[in-house]
J.: 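Submitted below is the structure of interest, expressed as structure tokens.
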Amino acid sequence: MKNHTSTVAEFILLGFPIRQETEILLSVVLLYVYLLTLFGNLVILCIVYTDGHLHTPMYFFLCNLSALDLFFASVTVPKMLQNLLSGDKSISFAGCMAQSYFYFFLGTVEFFLLTSMSYDRYAAICSLLHYPILMNSRVCVQMVMACWLGGLLSILFPTIMISRLSYCRSNVIDLFCDSGPLLELSYTDTRLIELIDFMLSSLVILCSLTLTIISYAFIISTILCIPTSTGRNKAFSTCATHLTLFLMSCSISIFMYVTPSQKSTLQIHKISAVLSSIVNPLLSPFIYTLRNDMVKKVLRQTFSQSKALVFHSMGGLFLTCAATCRKRSVA
């Protein structure tokens, strides 16, 4: 494959083929979803940081996942909103390459984190007595650093190769700067890059899936040996949330990227791209909130304390106003 210098200064993000009135409605919905995503993930970060009971390896990984979802949604959604509201659907060449890099970088880190979380659940349930040693704070920090560094480096080389392609055929992309549409726009021979993308995607996604399945095979066999139904339900509840998130991410990513060629199914990928970049980061904190008893308990306590504080402040303000009015009436 020869190296070329791109003659395209910017790309056009086509978006959805809808009327302008519908675009305004879509931008409102998209803004609401984005703000809800930010709120949900920030709530998870705040309650884990402030509550000492949640300072455990499981919630340390969850905080990293919430931070990742904040970044992941911010890679694509703000640009979509800008394009919908301003009518200017262009994105610079450098901006497009940066968006593509961070999209795949954060997506890769997500799989590494979810796989690390499956090992954490395995250690917590199958090796309970050795859990404090296996998952001490140093090990947790090293695992998280490996996840972020692994994602950072694994996507760098393919992104550099894509940025060196020539894009003279067209500059129109569907939603955001995904690798499939970028390869489709280039008239350069992209078979080597497609092969590298396929191998990297398969390695990350399928290895994560295999390791998670192995972890949960041991976890389920251990849970079934627990004599009491209460113990089994508690053990299952701590794993169900993580498994739900992992299966959501894995099923969409396998459909989108574990294919020999990404050019042939670009239109089918549009809905999957929306699910992976917008819906998954939104659902993640709410799934943890709804399915995790500890998080729900902390949220109820926080809400009760906040409500008591508000009523106390309002009561104090009311008494102050009443005392002031009484003094004036006496005077």
Side-chain angles (χ1 to χ4, degrees), residues 16 25-49 54 58-81 102-118 120-121 147 151 175-176 178 204-205 208-209 212-213 216 236-258 268-300 302-303:
F16 296 95
L25 177 62
L26 179 61
S27 64
V28 173
V29 173
L30 196 59
L31 177 62
Y32 176 76
V33 169
Y34 181 59
L35 293 176
L36 201 58
T37 301
L38 297 181
F39 172 76
N41 285 287
L42 285 173
V43 166
I44 294 291
L45 289 170
C46 290
I47 64 173
V48 173
Y49 178 77
L54 301 180
M58 175 181 173
Y59 295 101
F60 175 67
F61 287 114
L62 176 58
C63 276
N64 277 271
L65 189 63
S66 294
L68 184 142
D69 284 334
L70 286 173
F71 299 146
F72 196 63
S74 300
V75 169
T76 56
V77 177
K79 187 60 183 177
M80 289 183 186
L81 285 171
F102 282 106
Y103 176 80
F104 287 103
F105 157 53
L106 294 172
T108 303
V109 175
E110 181 179 24
F111 274 101
F112 291 158
L113 277 175
L114 290 172
T115 306
S116 299
M117 292 171 75
S118 69
D120 170 67
R121 292 298 84 208
C147 291
L175 289 175
F176 58 91
D178 199 352
V204 171
I205 297 172
S208 297
L209 179 62
T212 302
I213 289 174
Y216 274 96
F236 270 123
S237 67
T238 61
C239 300
T241 306
H242 166 261
L243 191 58
T244 302
L245 289 176
F246 181 82
L247 292 177
M248 284 171 49
S249 300
C250 196
S251 57
I252 295 172
S253 298
I254 287 176
F255 177 74
M256 289 181 66
Y257 301 113
V258 186
I268 303 175
H269 286 177
K270 184 177 285 190
I271 297 176
S272 301
V274 172
L275 290 174
S276 66
S277 60
I278 300 173
V279 179
N280 272 6
L282 168 67
L283 294 180
S284 178
F286 295 101
I287 289 175
Y288 263 100
T289 303
L290 295 174
R291 298 294 299 274
N292 191 293
D293 293 334
M294 181 64 76
V295 174
K296 287 191 288 187
K297 180 181 177 181
V298 172
L299 281 175
R300 283 195 295 266
T302 304
F303 178 74

J.: Just to verify, what does F112 make a ring pair (Phe, Tyr, Trp, His ring centres under 6.0 Å) with, not counting sequence neighbours?
T.: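 For F112 there are no ring pair (Phe, Tyr, Trp, His ring centres under 6.0 Å) partners, ignoring immediate neighbours.
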J.: Side chains of S116 and F61, heavy atoms from C-beta outward: is any pair under 4.5 Å?
T.: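 Contact flag for S116/F61 side chains = yes.
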J.: Looking only at heavy atoms, what is the nearest atom pair of P281 and A73, with distance?
T.: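 Heavy atoms only, the tightest pair is CB-CB, 4.2 Å.
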J.: How close do V48 and C63 get, heavy atom to heavy atom, and via which atoms?
T.: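 Residues V48 and C63, closest heavy atoms: CG1-SG, 3.2 Å.
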J.: What distance separates D69 CG from L42 CG, expressed to the nearest 0.5 Å?
T.: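 It is 11.5 Å, given to the nearest 0.5 Å.
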J.: For the residue pair V109 and G151, what are the closest heavy atoms and their distance?
T.: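 Of all heavy-atom pairs spanning V109 and G151, the closest is CG2-CA, 3.9 Å.
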J.: Hey, what do you get for OH (Y49) to CD1 (I47), rounding to the nearest 0.5 Å?
T.: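 Spacing of OH (Y49) from CD1 (I47) equals 14.5 Å.
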J.: Out of L114, L113, T115, which residue meets the side chain to side chain contact (heavy atoms under 4.5 Å, CB included) rule with S208?
T.: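 Looking at L114, L113, T115, the match for S208 under the side chain to side chain contact (heavy atoms under 4.5 Å, CB included) is T115.
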J.: Look up atom CG in L45 and atom CG in L62, then write down how far apart they are to the nearest 0.5 Å.
T.: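 Taking CG in L45 and CG in L62, the distance rounds to 8.0 Å.
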J.: Passes side chain to side chain contact (heavy atoms under 4.5 Å, CB included), M117 versus T212? Steps please.
T.: CA-CA 9 Å; M117 292 171 75; T212 302; over 6 Å; no
J.: Do Y103 and F72 touch side chain to side chain, with heavy atoms closer than 4.5 Å?
T.: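 Sidechains of F72 and Y103: in contact.
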J.: Going through the checks in order, is the side chain to side chain contact (heavy atoms under 4.5 Å, CB included) test met by D178 and F104?
T.: CA-CA 8 Å; D178 199 352; F104 287 103; 2.8 Å; yes
J.: Looking at every non-hydrogen atom in both residues, tell me the closest pair between L54 and Y59 and how far apart they are.
T.: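 Looking at all heavy atoms of both residues, the shortest contact is O-CB, 3.0 Å.
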J.: So how far is it from Y32 OH to L282 CG, rounded to the nearest 0.5 Å?
T.: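 Rounded to the nearest 0.5 Å, the OH-CG separation comes to 9.0 Å.
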J.: If every non-hydrogen atom of Y34 is compared with every non-hydrogen atom of S74, which pair is closest and at what distance?
T.: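 The answer is OH-OG, 2.8 Å.
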J.: Assess the residue pair V77 and T37 against the criterion (side chain to side chain contact (heavy atoms under 4.5 Å, CB included)); give the C-alpha distance rounded to whole Å, side-chain angles, the decisive distance to 0.1 Å, and a yes or no.
T.: CA-CA 11 Å; V77 177; T37 301; over 6 Å; no
J.: Calculate, to the nearest 0.5 Å, the distance between atoms CG and SG belonging to N64 and C147 respectively.
T.: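 Nearest 0.5 Å value for the CG-SG distance: 8.0 Å.
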J.: Nearest 0.5 Å, what's the CG-CG distance between L70 and L65?
T.: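 These two atoms lie 10.0 Å from each other.
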